[in-house]
There are 2 protein chains.
Amino acid sequence: MDEKYVKQLLEMEGQELKLTEKKVNILVAAIEIFAEKGYSATSTSEIAKRAGVAEGTIFRHYDSKKDLLLGITKPAILKMVVPYFASQMVEEVFKDEITSFDGVLRAFITNRIEFVRKNIPLFKIVLQEIAFHNELQETFQESFLNQILPKISETIYIAQKSGRLKDFSIPTTLRFIMSTVMGFIITRFLIMPEAEWNEKEEIDNMVECIMNGISKNN
Amino acid sequence: MDEKYVKQLLEMEGQELKLTEKKVNILVAAIEIFAEKGYSATSTSEIAKRAGVAEGTIFRHYDSKKDLLLGITKPAILKMVVPYFASQMVEEVFKDEITSFDGVLRAFITNRIEFVRKNIPLFKIVLQEIAFHNELQETFQESFLNQILPKISETIYIAQKSGRLKDFSIPTTLRFIMSTVMGFIITRFLIMPEAEWNEKEEIDNMVECIMNGISKNN
DNA sequence: GCATAATATGAGTGATTACTCACTTATATA
DNA sequence: TATATAAGTGAGTAATCACTCATATTATGC
């Protein structure tokens with residue numbers, strides 16, 4: 001993890017991140033150890049040691065240990081959830097070319113797999129800690145549920161109206177898609193990262209399964 | 001949670017659980033707080049306080065805090081994974097009546113939903129802590145991967161040979177099924193427990209989606 | 001090159017941690 | 001009833017916790 005990558009990853013919209021070398025070290029060390037043993041089981045002294053920094057330095061940059069966690073995870077959630085759907089291009093594809101619903105689905109799956117591959121520890125931290133920290137749930141709520149979900153819902157709705165998708169409720173359809181994709185990503189990167197994977201084939205299978213599962217029969 | 005239920009739930013095969021009233025209180029309190037704030041963030045003094053017990057009493061029954069966690073989660077994993085498939089009845093249905101693959105699937109889904117509904121805190125603890133504790137991963141490995149998975153695999157294999165299921169690899173087919181079911185259970189009981197759910201309909205939809213997803217087209 | 005500010009340090013803080021142990025109380029056995 | 005075993009107690013332990021602060025180092029602007 002180099003400085004620029006960490007910086008752009010952890011930048012929240014509207015505010016820039018000031019990064020000294022030591023602060024980058026702290027962030028990288030915290031991400032590593034939080035992912036390894038969980039937030040609560042991680043001590044600030046251990047973070048400082050791995051970062052090659054005095055313990056006090058952590059608290060010069062972050063008010064508290066929890067503040068450090070949020071400084072890492074909040075922007076991570078935003079980058080995980082928002083950017084793919086936020087791009088205008090995708091939105092257009094979604095709305096205009098309903099025939100290529102499966103193409104958009106494949107692009108979405110591929111894109112999110114690549115994002116997680118580059119950010120496995122961050123992905124693990126968010127998955128673990130979102131259950132216990134209200135602020136993270138709110139961040140997820142504000143980004144995914146309020147911004148992204150309405151767009152996806154509209155797309156599914158249009159596809160249903162056009163007669164291509166079954167009239168499962170939209171949450172049900174969406175949950176079916178997300179379960180399949182998350183199930184693969186978690187198995188691929190967290191449960192069995194060492195196994196040999198034919199990702200191209202697995203993606204094909206997922207798209208096929210999902211489309212057959214939610215499409216109307218001819 | 002009454003004593004008998006806790007007892008049969010936390011009993012490992014081959015060894016009985018000796019339960020005094022105070023020990024039950026400790027177990028119930030530990031399950032509650034572990035689920036609320038996570039294992040690492042929970043202190044033994046807090047468990048003792050909620051259980052109405054001296055802190056030393058915990059360590060009379062369990063060698064360590066981790067021993068208490070394992071005493072709760074190891075049997076919980078076994079009961080979550082094994083019992084449904086272990087019953088001879090189900091095994092027979094699986095093998096003989098391939099035509100009712102979807103019926104077996106529906107029965108499995110319903111059965112596991114009911115189990116989780118009765119054990120939400122335990123389910124949450126296992127889901128959270130299995131990532132960090134090797135012993136839990138081994139317990140899962142020994143029960144699911146070594147005992148149950150071969151049986152399921154055989155069933156899927158037979159259904160594929162008979163020409164009803166697509167020739168996705170067995171892990172892929174199984175992951176597709178488990179992702180869908182786990183996705184629903186996690187959404188239903190952990191993410192949105194307060195929402196109104198039409199479970200019967202959701203189960204129907206899941207079965208339909210899965211069967212369409214993995215079945216051969218006519 | 002000097003002044004000012006930003007960054008970094010690490011010993012020190014009180015609180016809390018998991019766990020111990022000498023002791024008391026309850027239960028079972030003979 | 002006497003005795004042995006098991007269950008329960010709570011004050012006490014050293015270690016560790018997140019966090020502070022006076023001081024030291026480094027970077028920046030003039």
Side-chain angles (χ1 to χ4, degrees), chain A residues 3 6-7 10 15-34 36-73 125 128-129 132-136, chain B residues 3 6-7 10 15-34 36-73 125 128-129 132-136:
Chain A
E3 178 179 339
V6 172
K7 184 172 175 180
L10 298 185
Q15 44 188 319
E16 249 202 287
L17 250 196
K18 271 195 298 179
L19 284 188
T20 65
E21 189 195 337
K22 306 249 170 189
K23 186 164 178 178
V24 174
N25 292 346
I26 291 169
L27 286 167
V28 171
I31 291 171
E32 283 176 12
I33 309 182
F34 284 163
E36 278 168 28
K37 14 199 292 188
Y39 166 75
S40 278
T42 301
S43 69
T44 49
S45 72
E46 191 180 356
I47 296 171
K49 192 187 277 180
R50 183 167 320 183
V53 144
E55 204 174 342
T57 308
I58 294 175
F59 293 95
R60 191 140 302 270
H61 292 286
Y62 296 94
D63 290 343
S64 63
K65 184 184 157 193
K66 175 144 186 178
D67 191 43
L68 172 58
L69 174 73
L70 297 182
I72 289 170
T73 48
I125 296 170
Q128 285 288 334
E129 300 303 330
F132 299 121
H133 305 276
N134 227 279
E135 302 90 334
L136 295 185
Chain B
E3 177 180 338
V6 172
K7 185 172 174 179
L10 299 186
Q15 45 189 319
E16 248 201 289
L17 248 197
K18 272 195 298 178
L19 284 188
T20 65
E21 190 195 335
K22 305 250 170 188
K23 186 164 177 180
V24 174
N25 292 346
I26 291 170
L27 286 167
V28 171
I31 291 171
E32 283 176 12
I33 310 180
F34 284 162
E36 278 168 28
K37 12 201 294 187
Y39 166 76
S40 279
T42 301
S43 70
T44 50
S45 72
E46 192 181 356
I47 296 172
K49 192 187 275 180
R50 186 171 312 189
V53 143
E55 204 174 343
T57 308
I58 293 175
F59 294 96
R60 188 142 305 273
H61 293 287
Y62 298 93
D63 290 344
S64 65
K65 184 184 157 193
K66 175 145 187 179
D67 191 42
L68 171 59
L69 174 73
L70 297 182
I72 288 170
T73 47
I125 296 170
Q128 285 287 334
E129 301 302 330
F132 299 121
H133 304 276
N134 228 280
E135 302 90 333
L136 296 185

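Below, chains carry the letters A, B, ... as their sequence lines are ordered, and counting in each starts from 1.
- In this structure, the side chains of A/L19 and A/L27 come closer than 4.5 Å at one or more pairs of heavy atoms.
- B/L68 has its CG atom 13 Å from the C1' atom of C/dC19, to the nearest Å.
- Put simply, B/K22 has a side-chain N or O that comes within less than 4.0 Å of OP1 or OP2 on D/dT9.
- The phosphate of C/dT17 (OP1 or OP2) has a side-chain N or O of B/S43 nearer than 4.0 angstrom.
- Each of A/K37, A/R50, A/K49 was checked for a salt bridge (charged side-chain N to carboxylate O under 4.0 Å, His left out) with A/E32, and the lone residue meeting it is A/R50.
- A/L69 and A/I125 make their closest contact through CD1-CG2, 4.0 Å (heavy atoms, listed as atom of the first residue, atom of the second, distance).
- Between B/H61 and D/dG8 there is a side-chain polar atom (N or O) within less than 4.0 angstrom of OP1 or OP2.
- In this structure, the CZ atom of B/R60 is 11 Å from the C1' atom of C/dT24, given to the nearest Å.
- Dashed line: the shortest gap from a side-chain N or O of B/S64 to OP1 or OP2 of C/dA18 is not under 4.0 Å.
- Distance, B/I58 CD1 to C/dT17 P: 12 Å, rounded to whole Å.
- Cation-pi geometry between A/K66 and A/Y39 is not satisfied (NZ or CZ under 6.0 Å from the ring centre, within 45° of the ring normal).
- Taking only side-chain nitrogens and oxygens, B/T20 comes nearer than 4.0 Å to OP1 or OP2 of D/dG8.
- The interatomic distance linking B/I47 (CD1) with C/dC19 (P) rounds to 11 Å, in whole Å.
- Spacing between atom NZ of B/K65 and atom P of D/dT16 amounts to 15 Å, rounded to whole angstrom units.
- Taking side-chain N and O atoms only, B/S45 has a distance below 4.0 Å to OP1 or OP2 of C/dT17.
- Contact between the side-chain N/O atoms of B/K18 and the OP1/OP2 oxygens of D/dA6 is not found at any separation under 4.0 Å.
- Comparing B/D63 and A/G56 by the nucleotide of DNA chain C whose heavy atom lies nearest to each, the residue mapping closer to the 5' end is A/G56.
- One atom, CZ of A/F59, and another, C1' of C/dT13, lie 13 Å apart when rounded to the nearest Å.
- Straight-line distance from the CD atom of A/E55 to the P atom of C/dG12: 14 Å, rounded to whole Å.
- Residue B/E46 contributes atom CD, which lies 12 Å from atom P of C/dT16 at whole-angstrom precision.
- When all heavy atoms are compared, the tightest approach of B/K65 to B/F59 is N-CE2, 4.1 Å.
- Using a 4.0 Å heavy-atom criterion, one finds that A/T44 contacts the bases of the nucleic acid, with or without backbone contacts as well.
- Within 4.0 Å (heavy atoms only), A/T42 reaches sugar-phosphate atoms of the nucleic acid but no base atom.
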